[in-house]
Amino acid sequence: MDCELTILMPCLNEAETLATCIRKAQGYLERSGVVGEVLIADNGSTDGSQQIATDLGARVVQIEAKGYGNALLGGIRAAHGEFVIMGDADDSYDFSSLDEFVAKLRDGADLVMGNRFKGGVEPGAMPPLHKYLGNPVLSAIGVLFFKAPTRDFHCGLRGFRRSSILGIGLHTSGMEFASEVVVKSCLAGLRIEEVPTTLKKDGRSRPPHLRSWRDGWRHLRFLLIYSPRWLFLYPGLALTVLGLVTTLGLLIGPIKLGSVGLDVGTMTYAAGLTAVGYQAVLFSVMVKLFGAREDLLPMSKHYRQLVEKFTVERGLILGLLIFVVGFLVAVWQVVLWGGDGFGTMDAAQTVRTAIPAVLGLLLGFQTIMFSMFAGVLSIPTTDGLTAAKAVNAPEPARSAQ
């Protein structure tokens with residue numbers, strides 16, 4: 001009979017708790033009648049964990065490449081089951097109670113996330129920093145950035161359809177793997193469900209492998225990198241609009257806001273904000289193009305249409321026009337200066353004219369360089385991964401970038 005379920009546990013020196021976890025998993029398979037296996041993805045244990053697993057009848061695969069993500073991905077590839085339910089081998093998750101996970105998977109879900117906050121967290125099972133700050137903040141970011149239908153983004157007990165997860169292109173080797181599974185499932189439009197699960201204090205006498213601040217930052221960094229819209233585009237647009245409106249407003253003359261007077265000093269900083277924001281917007285497009293080229297990020301229908309209309313030549317023309325406008329303003333200022341015999345000019349008026357000239361030169365140059373870089377990304381490569389391929393790829397059911 002075909003194997004329906006693989007219960008997968010990554011393992012690195014878990015001799016204290018591994019046997020308990022395996023027995024619970026085997027007990028679940030026996031009680032439920034689900035045809036399955038218990039698979040241990042060992043990542044180089046030196047405490048005899050492999051022998052413990054083998055003696056209890058679990059299957060062990062050795063994963064040479066170090067890291068949480070490497071261990072899990074190696075285990076997923078080696079799994080025999082149509083479905084995989086993964087969880088840590090520290091006895092913090094209850095492998096004897098997996099019915100809801102299996103039911104959701106059989107019902108068609110591609111990824112089933114456990115929710116520890118709905119199922120219950122035993123006292124001492126989760127550090128206060130994780131419970132009240134780390135998990136809520138990262139989960140909220142995941143919902144905001146990727147519309148993830150889960151409120152416990154980093155629950156370690158989760159089940160999935162093996163073929164679906166192998167098809168979304170997982171790459172990370174460390175703790176970020178937990179985020180990558182959810183993020184790429186969202187971007188690929190997979191069906192994601194959530195079920196309550198419990199978390200109890202793990203049974204190990206040693207500290208956990210997790211390092212709160214280091215691994216928390218790695219998860220946050222991953223979420224930001226995979227959302228160029230929130231990392232670059234939105235902040236960049238806000239800075240560009242604010243800076244440009246302020247610069248153009250002060251171009252006419254000083255502005256009085258109550259007791260506050262705004263003049264060329266404010267105009268200088270506003271022009272700087274415009275340049276910084278515009279560069280961030282260009283970065284968002286470059287990251288999107290690169291991500292699509294490397295099959296890391298999908299493109300929505302509207303974004304794909306926009307990219308199809310953009311050409312290097314059009315970008316160069318636009319950049320050149322902006323640059324020429326700035327150059328002409330600068331020339332006009334020099335002409336006016338010459339009309340005064342190149343003598344001393346009014347400092348405020350000089351700066352008020354010079355700022356838009358410099359801003360035009362800068363934005364034009366940025367646009368030209370961006371266009372050339374976009375052209376580099378469109379060059380076909382020997383492996384066949386081209387920007388055109390990414391642009392013409394099928395649109396996912398849900399795009400959250």
Next on the checklist: Working note: R229 + F145, criterion side chain to side chain contact (heavy atoms under 4.5 Å, CB included); need CA distance, chi angles, decisive distance, verdict.
Outcome noted: CA-CA 8 Å; R229 179 174 293 182; F145 285 12; over 6 Å; no

Next on the checklist: Nearest 0.5 Å, please: how far is CD in Q366 from CZ in F373?
Outcome noted: 14.5 Å

Checklist entry - Do M286 and F232 have side chains that get closer than 4.5 Å, going by heavy atoms? => result no

Checklist entry - So, S92 side chain and L199 main chain: donor-acceptor pair closer than 3.5 Å or not? => result no

Next on the checklist: Are more than 12 heavy atoms, taken from residues, nucleotides or ligands other than F117, located less than 6.0 Å from that residue's CZ atom?
Outcome noted: yes

Checklist outcome for this item: C21 and D91 have their tightest heavy-atom pair at SG-N, 3.3 Å

Item to check | Expected output: side-chain Q333 to main-chain A357 donor-acceptor under 3.5 Å | outcome: no

Checklist entry - Given side chains that start at C-beta, do those of R218 and S179 come closer than 4.5 Å, heavy atoms only? => result no

Next on the checklist: Are F283 and P228 packed together at the side-chain level, in the sense that at least one heavy-atom pair is separated by less than 4.5 angstrom?
Outcome noted: no

Item to check | Where A58 and I40 come nearest, the two heavy atoms and their spacing | outcome: CB-CG1, 4.1 Å

Next on the checklist: Using a 3.5 Å distance criterion without hydrogens, assess whether the side chain of S49 forms a donor-acceptor pair with backbone atoms of A15.
Outcome noted: yes

Checklist entry - Checking Y226 side chain against V183 main chain: does a donor-acceptor pair fall under 3.5 Å? => result no

Checklist entry - Any side-chain heavy atom of L170 sitting closer than 4.5 Å to one from V181? => result yes

Item to check | Donor-acceptor contact present, side-chain E180 to main-chain H171, <3.5 Å | outcome: yes

Next on the checklist: For I192 versus V182, what's the shortest heavy-atom pair and its separation?
Outcome noted: CD1-O, 4.4 Å

Next on the checklist: Nearest 0.5 angstrom please: T353 OG1 to W332 CH2, how far?
Outcome noted: 5.5 Å

Item to check | CG-CD distance between L18 and Q50, expressed to the nearest 0.5 angstrom | outcome: 9.5 Å

Item to check | side chain to side chain contact (heavy atoms under 4.5 Å, CB included), paired with S185, selected from T150, I168, D110 | outcome: I168

Item to check | F342 and W337 aromatic ring geometry - parallel, tilted or perpendicular at 30°/60° bounds | outcome: perpendicular

Next on the checklist: For F177 versus I76, what's the shortest heavy-atom pair and its separation?
Outcome noted: CZ-CD1, 4.0 Å

Checklist entry - Between S97 and D94, is any side-chain donor less than 3.5 angstrom from a side-chain acceptor? => result no

Next on the checklist: Can you confirm whether more than 12 heavy atoms, excluding those of L257, are under 6.0 Å from its CG atom?
Outcome noted: yes

Checklist entry - Given K118 and D152, is the salt bridge (Lys or Arg N to Asp or Glu O under 4.0 Å) satisfied, shown in steps? => result CA-CA 9 Å; K118 286 184 177 180; D152 190 3; over 6 Å; no

Item to check | N70 side chain vs K66 backbone, donor-acceptor pair below 3.5 Å | outcome: yes

Checklist outcome for this item: So the ring-ring contact (aromatic ring centres under 6.0 Å, His included) pairs with at least one residue in residues 39-90 (sequence neighbours excluded) are none

Checklist entry - Is the closest side-chain heavy-atom distance between F153 and M113 below 4.5 Å? => result no

Next on the checklist: K201 vs E122, test: salt bridge (Lys or Arg N to Asp or Glu O under 4.0 Å). Steps then yes/no.
Outcome noted: CA-CA 7 Å; K201 196 174 187 309; E122 288 188 2; over 6 Å; no

Checklist entry - Under 3.5 Å, is there a donor-acceptor pair between the side chain of N13 and the main chain of T46? => result yes

Next on the checklist: Counting C-beta onward and ignoring hydrogens, is there a side-chain heavy-atom pair between L220 and L138 closer than 4.5 Å?
Outcome noted: yes

Checklist entry - Parallel under 30°, tilted from 30 to 60°, perpendicular over 60°: which one fits the rings of F327 and F323? => result parallel

Item to check | Rounded distance [0.5 Å steps], CD1 in I368 versus CG in L320 | outcome: 5.5 Å

Checklist outcome for this item: The reported gap from OG1 in T367 to CG in L282 (rounded to nearest 0.5 angstrom) is 6.0 Å

Item to check | Flag side-chain contact, heavy atom, 4.5 Å: L223 against F146 | outcome: yes

Next on the checklist: Walk me through whether D99 and R31 qualify under side chain to side chain contact (heavy atoms under 4.5 Å, CB included).
Outcome noted: CA-CA 10 Å; D99 295 290; R31 175 186 61 79; 3.0 Å; yes

Item to check | Residue among R106, R161, R162 satisfying salt bridge (charged side-chain N to carboxylate O under 4.0 Å, His left out) with E82 | outcome: R161

Item to check | Stepwise side chain to side chain contact (heavy atoms under 4.5 Å, CB included) check, V281 with L233 | outcome: CA-CA 5 Å; V281 172; L233 181 60; 4.0 Å; yes

Item to check | N43 side chain vs A65 backbone, donor-acceptor pair below 3.5 Å | outcome: yes

Next on the checklist: Can you confirm whether the side chains of S139 and H154 place a donor and an acceptor under 3.5 Å from each other?
Outcome noted: no

Checklist entry - Quick one: does T240's side chain have a donor or acceptor within less than 3.5 Å of a partner on Y278's backbone? => result yes

Checklist entry - Atom CE of M372 and atom CG of L316: how far apart are they, to the nearest 0.5 Å? => result 6.0 Å

Next on the checklist: To check you understand the geometry: which heavy-atom pair defines the closest contact between V143 and A148, and what is its length?
Outcome noted: CG2-O, 3.5 Å

Item to check | Worked verdict on Y28 versus I85 for side chain to side chain contact (heavy atoms under 4.5 Å, CB included) | outcome: CA-CA 12 Å; Y28 168 75; I85 296 180; 5.9 Å; no

Checklist entry - Do the side chain of E194 and the main chain of R151 share a donor and acceptor less than 3.5 angstrom apart? => result yes

Next on the checklist: How close do G87 and P10 get, counting heavy atoms only, and between which atoms?
Outcome noted: O-CD, 3.4 Å

Checklist entry - Is the number of heavy atoms from other residues, nucleotides or ligands under 6.0 Å of M369 CE greater than 12? => result yes

Item to check | Residue pairs, two or more places apart or on separate chains, that pass side chain to side chain donor-acceptor pair (under 3.5 Å) and touch residues 254-276 | outcome: D263-R352

Checklist entry - Quick one: does I165's side chain get under 4.5 Å of R158's, heavy atoms only? => result no

